[in-house]
Every structure is written in structure tokens, then in C-alpha cells.
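In this text, all values refer to a predicted model and were calculated from it rather than measured experimentally.
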Amino acid sequence: MASVKAAILGFGTVGQGIYNIVHERREHFKQTLGVEIEVAKILVRDASKVREGIDASLFTESFDDILAIPDLEVVFEGIVGEDPAYGYLDQAIEKGCHVITANKVMFARYGQELQLKAKKKGVQVGYEATTAGGVPVIKTMQNLLRVNEVKQVQGILNGTSNYILTQMRAEGLAFDVALKAAQDLGYAEADPHNDISGEDAFRKLMILCALAFGEQPDWNNVEVVGIESITSEQVEEAKAKNLRYRHVANAYRDDATGEIIAKVGPELVGADHPLYAIDDVNNAVSLDTNYIGTLTMVGPGAGMYPTASVMMEDYADMLAKPEKTVSLA
């Protein structure tokens, strides 16, 4: 049976999830994929830290150790931020490795570049986990685009903001109180700026634009508004009218100009809107297509196993369809 060597970059929530799935599902992967996946190295900031139940020799602080792995097949990346993640994946592709990432900040800016390079090198890039967590929007859109045209993309792309707005409506909480509840539950970071300001949803929308339309809009022309200014009084007024506040990321191509119009911000939606019923930390993406009509996908937007699972699914897809080249363009 073939043995596949893998490396994991980062050992936070995502990296640990990948490691756990590889070990828990080892026999399953042998049966379904015909390979035995071996985690050969894990890149961390502090290799001396004791990690219970894991061989300490797996950990390294040097990316050169990753590149030196003989017959390295795939690199799973779960680092935060653009650098050094982009440089690492660029080098991994140069070496001839498949790469799979959950890094939406890096991928929004460099995704098209990485995929063009991967195509030239004959390897693939998986990025399902960058957008909407466990919701299979990337694979679904890739399949749709073989026949359909996606005319509009709109979604709830940040579970933290959605949870806060849900609590404000369902429990009558003020914004600050709902934010504190999200932090206490681990849905929001100590510094929640990227979530509540709309920056996180913006990056994810740019990734979806690149796939749906083959290009991104000028980032400077995209209006990004957060949810910080929404008051409990406004939420109550909307509720009385059977309306709900949703933090919506929206993009479409203007028929007249050909320009991609994108916006992220709070909207009031009625019961006939596809995002009306999406509560708590769930994400949702609604695709308006020319043949199928409107298709809406809903699921958990973050977390160890939803994210790690779709990353492993990306790799399983690569193994099952080695001829397939994932491309944004």
C-alpha cells in the first residue's frame, strides 16, 4: 500500500484537528483512498513545548526541515496571517507538493498567484477551508461553474457576527453584552476587530469573487461596514416588523459595465430572503445561477473539526482525481 508523507504548518486549532483526523481515520483512509497517510513533520514556533501523546521528534521550528522531507507529498497550512504563510506555500509548490490551506487572509491576496504556479508545477491547491468553514461552497461552486454562470454571491461569512446579531434579537442583549457572551464561549477572540468590523467576511468574499467571476474587484472600491453601531433598539424595531439584521457579504457583476460590485455590511432581510433563517454561529452562502436558480448552503463556519475535515476532504479529492487541477481563473 502506498504511503503518503504530509507536513502540517502550525499546530493551533486547525493543525491539531488535521493531526487527530489523520490518526483517528488511518484505517478508513487505507480502505477508501488506498493510501496510508503519515504526518512526517509539524512546523511550530516552539518545538520544545511538551505535547502529550505526540512524538516530540515530529516538531520543528525550521521550514527547511519541512522541505528536506524525502518524497513529501502534501503540506497542510494553518498559520495566521499573510507572512510567512505565503512564502512557505510558494516554496512547497516549487518543491512539487500539493498544498491545502485554511488561511483566508493570505489566500485572498495570493490565492490566484499560488494556483497559477501550482498549475505550472503539476500540483494542486486546496482552499475549501478558507471560506465558510464546514460549508462546501468552493467545491459546489467549482462543479456549478462547469455548466452554470454564477451571477451573484451573497452570504453570512462570519459566525461571530452572526452569533452576536442572533443574541441581540433572540435574547434582547445589547451589542457589548452579546460580544462578551461570544468571547466567553470562544466564538470571538479577545480582540474581535476582524470579526465585528467585517474584515474577515471581506477576505472570504474576495476569495469567492475570484472563483465565481474569475477576478476580484478593486479592494479599495469595496465598502466594508461592521456591526458595532447596531443598537438593541434597532434590532427590536426590526423584529417588530418581522425583519432581521444580517451581516451580508454580497458581490455581483454589473451587466452594463462588466464591473464586479462588492459590499460587506449589515442588512435588514425579510422572511423571503435566503439568509433570514441563519442563526447563531452558522455561515451560509447563497449562489444565484442562470440555470439552477438560487442555491443556499448552510453549516458551521469555524472550529477544529469542521475546518480540518474539509482540508482532509480537499486532499482526498486530489487523491481520487489526480488529473484535476483546481483553478480560480
Side-chain angles (χ1 to χ4, degrees), residues 81-83 85-86 89 101-119 125 127-133 135 137-146 148-159 161-162 193-229 246-269 273-275 283-290 292 294-297 301 326-329:
E82 292 182 10
D83 297 311
Y86 165 68
L89 293 192
T101 180
N103 189 333
K104 67 261 186 179
V105 173
M106 178 278 298
F107 203 78
R109 188 175 299 280
Y110 296 113
Q112 291 170 294
E113 182 178 326
L114 288 173
Q115 291 192 65
L116 286 174
K117 182 168 186 172
K119 187 174 183 180
V125 177
Y127 62 102
E128 183 74 70
T130 62
T131 306
V135 184
V137 61
I138 302 299
K139 288 185 180 66
T140 300
M141 198 186 301
Q142 286 170 339
N143 288 331
L144 285 174
L145 288 169
R146 293 171 180 166
N148 284 261
E149 175 185 347
V150 174
K151 299 187 290 184
Q152 182 178 18
V153 177
Q154 58 180 332
I156 294 171
L157 300 179
N158 183 270
S161 290
N162 200 48
H193 172 75
N194 284 341
D195 292 324
I196 64 176
S197 70
E199 284 300 317
D200 178 73
F202 163 74
R203 298 290 183 130
K204 295 171 181 175
L205 182 63
M206 293 303 97
I207 293 170
L208 293 179
C209 280
L211 179 56
F213 309 118
E215 60 179 318
Q216 297 178 350
D218 183 334
W219 286 19
N220 294 320
N221 294 334
V222 180
E223 181 181 0
V224 180
V225 180
I227 63 170
E228 309 98 310
S229 63
R246 296 296 186 215
H247 195 236
V248 179
N250 183 44
Y252 63 94
R253 189 185 292 279
D254 185 271
D255 290 335
T257 66
E259 180 184 5
I260 300 171
I261 309 299
K263 178 182 179 181
V264 178
E267 294 184 16
L268 279 174
V269 302
H273 194 281
L275 303 179
N283 280 199
V285 178
S286 183
L287 305 175
D288 184 15
T289 71
N290 55 335
I292 295 176
T294 301
L295 173 67
T296 303
M297 294 162 281
V326 181
S327 175
L328 285 175

Looking at [X] and [Y], would you say the former's side chain and the latter's main chain have a donor-acceptor pair under 3.5 Å?
X    : Y    : answer
S286 : T296 : no
E128 : K139 : yes
N148 : V150 : no
Q152 : D288 : no
E223 : V264 : no
R246 : E267 : no
N162 : H247 : no

Contact check, side chains of [X] and [Y], non-hydrogen atoms, under 4.5 Å:
X    : Y    : value
S197 : V224 : no
V222 : M206 : yes
N283 : T131 : no
T289 : L295 : no
V225 : P266 : yes
I260 : Q216 : no
Y86  : N103 : no

Working to the nearest 0.5 Å, report the span between [atom1] of [X] and [atom2] of [Y].
X    : Y    : atom1 : atom2 : result
M106 : L114 : CE    : CG    : 5.5 Å
F202 : N194 : CZ    : CG    : 12.0 Å
I292 : E149 : CD1   : CD    : 13.0 Å
F213 : K151 : CZ    : NZ    : 11.0 Å
Y110 : E82  : OH    : CD    : 5.0 Å
L287 : M141 : CG    : CE    : 4.5 Å

Could you check whether the rings of F107 and Y127 sit parallel, tilted or perpendicular, using 30° and 60° as the cut-offs?
parallel

Test of understanding: with salt bridge (Lys or Arg N to Asp or Glu O under 4.0 Å), list the residues that count as partners of D200, not counting sequence neighbours.
K104, K204

